[in-house]
**Q** 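First the structure, then my questions, so here it is.
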Amino acid sequence: METELSQQLGIEHALFGFTPFPAVAAAISRAGGFGVLGAVRYTAPDELARDLDLLERHAGGKPFGLDVVMPARKVEGVTEADVEAMIPAAHRGFVQDVLARYGVPELAEGEASGWRITGWMEEVARNQLDVAFEHPIKLLANALGSPPADIVARAHDRGVLVAALAGSAEHARRHAAAGIDVVVAQGYEAGGHTGEIGSMVLVPEVVEAVAPLPVLAAGGIGSGEQVAAGLALGAQGVWLGSLWLTTEEADLHSPALTRKLLAAGSGDTVRSRALTGKPARQLRTEWTDAWDDPAAPGTLPMPLQGLLVADAVSRIQKYEVGALLGTPVGQIVGRMTSERSVRAVVDDLTRGFERAVTRINRIAGRSAP
Ligand SMILES: Cc1cc2nc3c(=O)[nH]c(=O)nc-3n(C[C@H](O)[C@H](O)[C@H](O)COP(=O)(O)O)c2cc1C
C-alpha cells in the first residue's frame, strides 16, 4: 500500500493512525503505518516529553508524528483561571444536578482531573511545540484550523511535514494557502470534531481543491475495503482514529468503556457540543442526551464547555458510571467488536485492501497485479 506520500515518509503502508496513547502510536509505526500522538490532553510539557521519549523508544526506528491544536489567532495572556471565571453559574449548577442525579462520586481531595483539555491554549500549545521540535517527529498535524505561519516555517526548517484536518474544501484551501504539506479530509462519520460533509463526498472535493497537495482520507475507515475506497477517491493515504480505541495497546482506563465501545453499533454515536463546545462525534449517552434536553442551559463555546465539564467527565470515567460513560468515537464503532492488537488491526486492513483490489480488478476485467 504505497503512495508518493508513504514513500516520502519511508513507511510501508499509507496508513496513518491518530491516537491519544503513545503505546498505540508506537505499535502503528512498528506495524508499518504511521503513528500520530494526540497532544491536546497534555497540560504539562514534561509529560508530553516523557511520552514522546516512550514513543520514540518503542517505534522500532520507524517514523511517527504529533497532533497539536495550534491556534491561528494569538490570544496573549489569557489563563485558564480567566476562562474559568467566564463560566455562568447556571451551567455549573446544571452539571452538578446531572452528576447528583446519577450519584457520581466526587474526585478525591487534590486529585487532578485527567480530562482537562487545555492544549488549545496559546501558552500550552506553544510549550507543546517546543517539546515536539526536540523530538524526531516527521509530521506535525493541526486539529482545528490552519497552523500559524511561524509554526509552519519552524517545522519546515526541521524537515517536518505539516498536516491539517479539514471538514470542507474551503477549509482545505485555507490550509493550502497557509503553506501546509498534507490535508486530512475528515468526513462527518469521524470520531471527534467533525463537519457536516460525509467522507464519500468530501474526499474527492478536497483532492480537487488542493491538488497537487497530498490528501489523507479520514472518517469511517475501519476495513481494508474502506482503505481502498479512500485511495480510489484520490487520497494518498488514510487517517484512522476510532479503530485504535479498542486495541490491546490502548489505555482507556475503563474496562466498562471498552465493553461499551465493543457493544455499540454504527448508529450509537451523536455529534454533540457537550464535550468541547464544538460539534464532536462521540458515543451517545445519557450525558449527551441531558445536554440535548430542552431543559438544559445549552452548551458554551469552546473553550468554556471543555473546562466546565472536565471534572465531570473525569468523575464519570473514574467511577465508570455506565449510563453517562462515553468517549469521542466515530460511526465505525459498529465494526469494533473485539479487542485486538494494533498489529492484527493493521494486518486486517492490508489484507482487506488486497481483497478489494483483487475484486475491482476482476470487475474491470483485469487479473490481479
Ligand atoms: C478519541 C478521539 C479523539 C480525537 N482527538 C483528536 C485530536 O485531539 N486532534 C485531532 O486532530 N483529531 C482528533 N480526533 C479525530 C482523528 O484525528 C481522526 O480524524 C478521526 O478519528 C478519523 O475518523 P474515524 O474516527 O472514523 O477513524 C479524535 C478522534 C477520536 C476517536
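The figures that follow rest on heavy atoms only: side chains count, while hydrogens, waters and symmetry mates do not.
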**Q** Between His91 and Ile87 (side chain of the first, backbone of the second, donor and acceptor by atom type, cut-off under 3.5 Å), is there such a pair?
**A**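 The answer is no, because no donor-acceptor pair under 3.5 Å joins these two groups.
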**Q** If only atom types and distance count, is the side chain of Asp268 paired as donor or acceptor with the main-chain N or O of Gly265 below 3.5 Å?
**A**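 Present.
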**Q** Distance to the ring centre below 6.0 angstrom and angle to the axis at most 45 degrees; does that hold for Arg154 and Phe133?
**A**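 Because its charged atom misses either the 6.0 Å distance or the 45° angle limit, Arg154 does not stack over Phe133.
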**Q** Does the Ser29 side chain pair with the main chain of Pro63, one donor and one acceptor, at a distance under 3.5 Å?
**A**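 Side chain of Ser29 to backbone of Pro63: a pair is present.
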**Q** Restricting to side-chain contact (heavy atoms from CB on, under 4.5 Å), what partner residues turn up for Asp181, sequence neighbours left out?
**A**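 Expected list: His156, Leu161, Val162.
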**Q** Check Thr337, Thr246, Leu245 against Leu262 for a side-chain contact (heavy atoms from CB on, under 4.5 Å) and give me the one that passes.
**A**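 Only one option passes, and that is Thr246.
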**Q** Please list every donor-acceptor pair under 3.5 Å in which a side-chain atom of residues 189-200 meets a protein atom from a residue at least two apart or in another chain.
**A**
unit_1	atom_1	unit_2	atom_2	d
Glu189	OE1	Ser199	N	3.0
Glu189	OE1	Ser199	OG	3.0
Glu189	OE2	Ser199	N	3.3
His193	NE2	Thr276	OG1	2.7
Thr194	OG1	Arg271	NE	3.0
Ser199	OG	Ala218	O	3.1
Ser199	OG	Gly219	O	2.8

**Q** Run the salt-bridge test on Arg340 and Glu248 with the 4.0 Å N-O cut-off and return the result as yes or no.
**A**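 A salt bridge is absent here (no side-chain N lies under 4.0 Å from a carboxylate O).
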**Q** Between Trp291 and Phe94, what is the ring plane arrangement, given parallel below 30°, perpendicular above 60°, and tilted in between?
**A**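 Taking Phe94 first and then Trp291, their aromatic rings stand perpendicular (interplane angle over 60°).
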**Q** Less than 4.0 angstrom from a charged side-chain N to a carboxylate O is my criterion; do Glu320 and Arg315 meet it?
**A**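 Salt bridge absent between Glu320 and Arg315.
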**Q** Can you tell whether the side chains of Asp311 and Arg92 come within less than 4.0 Å, N to carboxylate O?
**A**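 Salt bridge flag = no for Arg92 with Asp311.
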**Q** Please name all residues satisfying side-chain contact (heavy atoms from CB on, under 4.5 Å) with Leu213, sequence neighbours left out, ordered by chain then number.
**A**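 side-chain contact (heavy atoms from CB on, under 4.5 Å) check on Leu213 returns Ala176, Val183, Val210.
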**Q** Under the side-chain contact (heavy atoms from CB on, under 4.5 Å) test against Thr350, which residue among Arg355, Glu12, Met1 passes?
**A**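 When Arg355, Glu12, Met1 are each tested with Thr350, the side-chain contact (heavy atoms from CB on, under 4.5 Å) holds only for Met1.
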**Q** State which residues pass salt bridge (Lys or Arg N to Asp or Glu O under 4.0 Å) with Glu339; sequence neighbours excluded, sorted by chain then number.
**A**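 Here no residue qualifies.
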**Q** Quick check: does any side chain N or O of Arg351 sit under 3.5 Å from a backbone N or O of Gly224, one acting as donor and the other as acceptor?
**A**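 No, because the side chain of Arg351 does not come within donor-acceptor range (under 3.5 Å) of the backbone of Gly224.
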**Q** With sequence neighbours excluded, tell me which residues meet side-chain contact (heavy atoms from CB on, under 4.5 Å) with Ala229.
**A**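 None.
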**Q** side-chain contact (heavy atoms from CB on, under 4.5 Å) with Val321: which residues, sequence neighbours excluded?
**A**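 If we apply the side-chain contact (heavy atoms from CB on, under 4.5 Å) test to Val321, skipping adjacent residues, the hits are Tyr102, Val104, Ile316, Tyr319, Leu324.
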**Q** Return yes if a side-chain donor-acceptor contact under 3.5 Å exists between Gln317 and Ser314, otherwise no.
**A**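 Distance-only check fails for Gln317 and Ser314.
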**Q** Which is it for Asn142 and His175 under the side-chain hydrogen bond (donor to acceptor under 3.5 Å, both in side chains) test, yes or no, and what are the steps along the way?
**A** CA-CA 10 Å; Asn142 192 30; His175 292 335; over 6 Å; no
**Q** Of all heavy-atom pairs between Ala264 and Leu283, which one has the smallest distance, and what is that distance?
**A**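 Closest approach of Ala264 to Leu283: CB-CD2, 3.8 Å.
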**Q** Test your reading of the model: is there a side-chain donor-acceptor pair from Lys278 to the backbone of Arg273, 3.5 Å cut-off?
**A**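 Checking the backbone N and O of Arg273 against the side chain of Lys278, no donor-acceptor pair under 3.5 Å is found.
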